[in-house]
Each structure stands twice: as C-alpha cells, then as structure tokens.
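Structure first, then comments.
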There are 2 protein chains.
Amino acid sequence: MSTATHNAEALAQKLADSGLRSTPQREVVYEVLLKKRDHPTADEVFARVKSGLPTISLATVYNCLETLVQCDLVRAVNFERGPTRYCPNLRPHAHFHDEQTGKTHDIDLPSELLEKVSSVLPAGYDAKSVEIIFRGKATKAAH
Amino acid sequence: MSTATHNAEALAQKLADSGLRSTPQREVVYEVLLKKRDHPTADEVFARVKSGLPTISLATVYNCLETLVQCDLVRAVNFERGPTRYCPNLRPHAHFHDEQTGKTHDIDLPSELLEKVSSVLPAGYDAKSVEIIFRGKATKAAH
DNA sequence: TTGCACCTTAGAACCATTCCAATTTGTTGA
DNA sequence: TCAACAAATTGGAATGGTTCTAAGGTGCAA
Ligand SMILES: [Mn+2]
Ligand SMILES: [Mn+2]
Ligand SMILES: [Zn+2]
Ligand SMILES: [Zn+2]
C-alpha cells in the first residue's frame, strides 16, 4: 500500500469522524502539505495542488485547509486573522485570547520560564523574540 | 508633574535615543495605549486619538504605532503581517520564523515544557491551545 | 429516480495595511 | 533671521490575503 493511499485513508477516516466527505481536492491538498513540510501559504498550496488537479480553485484550497485544521490534521501557524493589537506592557508576558469575548489578556511570565522556553532552541537558532499566545475561554475574566 | 507629562518625557527620551522627534501625534497615541490597556487595534487607537487630536490621520496612527514598537515602548501582539502558513506536524512543537529567509521551522517541544508553560495561567483561564513563536536568525538552518 | 445536502467554483467584495505624492513642521547653520 | 533641508503628517489610492456569494456539480439515501 502506497504512502499516498495510506494518507488518503487516514484522511477519509478523520473526515468521517467529523461527518465530512473525502474528496479529491481534500486529498490532494493534504498530500501537498505532507509532501513538502515548509509551512506553505494558501497561495503556495494552490500552486502546488494545481499540477495534480488543474481545475481546483483558490476558494476550494482555503476551504480544504480550514477543513483540515478543524479535523486536527493540520495546524494554522498564524491563525489570528484580525488586525494587529498593541500592548504597552513591557514586562515579560504572554497573551490570552478569549475566543468568546474577543478580548486579549496579559499573562505575567516568570522570566525563568521564558529562559526555559528559549533553551529548547537547537544550536544555530538565534531568537530575538518569543511570543506565547493562549487561546480559550476566560471563565472568571480578569480586567 | 502630571502622569501625562511624565509619560511624554519618557517618550521623548526614548525617541531621542533612536534619533526621532517627539510629536503631538506620537504623544497622544502613546497616551491612549497607556490609558486603556486592552490591546486595541490600530483602528481603535485611531478612534480614541481623534477626540484629542481630531485631524490626525489613520496613516499617522500606523506610523506612530510602528515607531513606538521600534522604540521598544509597545509590543505588537500579532505582528505577522503575511499570509497564514499551514503545518501538518501534529507533535507538540513551536515555530521559528527566520527573518532573513522568511522560512518557518518546527522546533520540537518536550510536552513537559508545554505543561509548565500552561501552568502559568491563573485560575479562570481555560486554554484550548498554546502557540509559541520565535523570531530571529537561523545561522545553521535546519530544514 | 429524485431529493437534498455537501462540495466546488469563479469572481466580487472586504478590510487591514502599505504606498504615494503633496503639504506641513521642525532643525540647522549661513 | 531666514533659507535650505530633513522629518513627519496627511488623504487617498493601491495592495493583497481572505471571505463571501451565487451558481453549478456530485453523491448518498429514501
Ligand atoms: Mn490580532
Ligand atoms: Mn504567516
Ligand atoms: Zn500584552
Ligand atoms: Zn509546524
């Protein structure tokens, strides 16, 4: 059994779990993501997919990507679609995006933790900044 | 000495450090950010600033915000301006954006570290996901 | 077979951001 | 003092990633 077939079946299973169909477009988009793992943009996926499926549309690529993300097969790296937000808090802190209210809260970070996080970088990676973003629900929301 | 005056002076100092001028627009934009720390968007800053400076333009608000970010007085929370990128790697990992090449690299994370990061959330914050993004230069870049 | 929900498609619309050319403002040193 | 130059602001147009919409296609289920 080829890898492509195997992937397609795993995909079909995951889609079925969510009550969704497997389609040629969804299969090819997923194959493209698995084949070259360089975090492509939707446009890049579109370009790659067209060689195997020349009639696919960009709208479908966006639809498929969203479907794959919802099935937990793919992760969207910068998935904040809204406008940039600005923060004058200069202490080391993370951000918590409340998906219900749309509000963004500061979460103080012990600088010791930031160091620990940065220490996971292999040699050769020189980070100028680290950004930590939580997403979820704030039940007893702070201010 | 009023708080506003003090802030304006601190701002002027920081701007001078970068060889930049203090202007009424920059002062008011900074005041607005300090006054209500709710991570406003550029549009929201624009709306708030207009009451004190009715002739300011949206382009200037963007310019001022960028200036404040560059002076390290303000942080841009979702400062990835480019298109969303997609990743089929399902293991827990962070992302490293190489600012030179524009490439995004996966950085494996010990799940123990992810737990430690999540444990900084105060009671009442229920996170569904955590995203960690490094930015910098990869000298001996992996693939 | 027919109905119907799901899916894809092309192109228009949207909207945050950036660009541009013109003007205003501030600084410098003749 | 003022001319020259640089820095900053302004309004509007352009950009570009993403989403929307309306129309057509596909495949399962009764
Ligand atoms: Mn945002
Ligand atoms: Mn991106
Ligand atoms: Zn913040
Ligand atoms: Zn990744």
Side-chain angles (χ1 to χ4, degrees), chain A residues 8 11-12 14-32 39-50 52-71 73-74 76-86 97 102 104, chain B residues 8 11-12 14-32 39-50 52-71 73-74 76-86 97 102 104:
Chain A
L11 169 62
K14 277 279 196 173
L15 287 168
D17 291 348
S18 302
L20 300 170
R21 293 181 192 158
S22 187
T23 68
Q25 290 84 351
R26 285 170 178 172
E27 287 178 12
V28 175
V29 166
Y30 189 42
E31 282 302 325
V32 155
H39 302 83
T41 65
D43 266 327
E44 289 164 347
V45 172
F46 183 44
R48 294 173 197 179
V49 154
K50 272 200 282 196
L53 213 56
T55 63
I56 197 172
S57 74
L58 178 58
T60 298
V61 170
Y62 273 103
N63 291 340
C64 292
L65 288 170
E66 187 177 341
T67 298
L68 294 174
V69 168
Q70 272 164 1
C71 292
L73 283 165
V74 164
V77 174
N78 292 301
F79 58 95
E80 176 58 42
R81 310 247 160 125
T84 300
R85 296 180 172 278
Y86 297 88
H97 282 232
T104 299
Chain B
L11 169 62
K14 277 277 196 176
L15 287 168
D17 291 349
S18 302
L20 299 170
R21 293 178 192 160
S22 186
T23 68
Q25 289 86 350
R26 286 171 178 171
E27 287 178 11
V28 175
V29 166
Y30 189 43
E31 282 301 324
V32 156
H39 302 84
T41 65
D43 264 327
E44 288 165 345
V45 172
F46 184 43
R48 294 173 197 180
V49 154
K50 272 200 281 196
L53 215 57
T55 63
I56 196 171
S57 74
L58 178 58
T60 298
V61 169
Y62 274 102
N63 292 339
C64 291
L65 288 170
E66 187 179 340
T67 299
L68 293 174
V69 168
Q70 273 165 0
C71 292
L73 283 165
V74 165
V77 175
N78 292 299
F79 57 96
E80 177 58 41
R81 311 248 160 125
T84 299
R85 296 180 171 277
Y86 296 89
H97 282 233
T104 299

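Excluded from the calculations below are hydrogen atoms, water molecules and symmetry mates; all remaining heavy atoms, backbone and side chain alike, are included. In the text below, chain A, chain B and the rest are named by the order of the sequence lines, each starting its count at 1.
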Taking the side chain as C-beta and beyond, is there a heavy-atom pair between [X] and [Y] under 4.5 Å?
{"X": "A/Asp43", "Y": "A/Val61", "result": "no"}
{"X": "B/Leu20", "Y": "B/Thr67", "result": "yes"}
{"X": "B/Gln70", "Y": "B/Ser18", "result": "no"}

For [X] and [N], give me the distance from atom [atom1] to atom [atom2], rounded to whole Å.
{"X": "B/Glu44", "N": "C/dT17", "atom1": "CD", "atom2": "C1'", "result": "16 Å"}
{"X": "B/Lys50", "N": "D/dT9", "atom1": "NZ", "atom2": "C1'", "result": "15 Å"}
{"X": "A/Phe46", "N": "C/dT8", "atom1": "CZ", "atom2": "C1'", "result": "12 Å"}
{"X": "B/Asn63", "N": "C/dA16", "atom1": "CG", "atom2": "C1'", "result": "14 Å"}
{"X": "B/Glu66", "N": "D/dT9", "atom1": "CD", "atom2": "P", "result": "12 Å"}
{"X": "B/Leu53", "N": "C/dT24", "atom1": "CG", "atom2": "C1'", "result": "14 Å"}
{"X": "B/Glu27", "N": "D/dA8", "atom1": "CD", "atom2": "P", "result": "13 Å"}
{"X": "A/Leu15", "N": "C/dA5", "atom1": "CG", "atom2": "C1'", "result": "16 Å"}

task: Select from B/Leu58 and A/Ala42 the residue whose nearest nucleotide in DNA chain D is closer to the 5' end of that strand.
output: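 Closer to the 5' end of DNA chain D: B/Leu58.
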- prompt: Does B/Leu20 or A/Ala59 map to a spot on DNA chain D nearer the 5' end, using the closest nucleotide for each?
  reply: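 Per heavy-atom nearest nucleotide, the more 5' residue is B/Leu20.
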Are OP1 or OP2 of [N] and a side-chain N or O of [X] less than 4.0 angstrom apart?
{"X": "B/Thr23", "N": "C/dG26", "answer": "no"}
{"X": "A/Arg26", "N": "C/dC7", "answer": "yes"}
{"X": "A/Thr55", "N": "C/dT9", "answer": "yes"}
{"X": "B/Gln25", "N": "D/dT10", "answer": "yes"}
{"X": "A/Thr60", "N": "C/dT9", "answer": "yes"}

- prompt: Nearest heavy-atom pair of A/Arg26 and A/Leu11: which atoms, and what distance?
  reply: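 Taking A/Arg26 first and A/Leu11 second, the nearest heavy atoms are O-CD2, 3.7 Å.
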Distance-minimising heavy-atom pair for B/Ser57 and B/Phe46: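 The pair with the smallest heavy-atom distance is C-CE1, 3.5 Å.
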Closest approach to the side chain of [X], judged atom by atom: which nucleotide of [options] is it?
{"X": "B/Tyr62", "options": "C/dT17, C/dT8, C/dG26", "value": "C/dT17"}
{"X": "B/Arg21", "options": "D/dT26, D/dA7, D/dT10", "value": "D/dA7"}
{"X": "A/Cys64", "options": "C/dT25, D/dG11, C/dT8", "value": "C/dT8"}

task: Would you mind classifying the nucleic acid contact of A/Asp43 as base, sugar-phosphate or nothing, using non-hydrogen atoms under 4.0 angstrom?
output: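 Counting heavy atoms under 4.0 Å across all strands, the contact made by A/Asp43 is with sugar-phosphate only.
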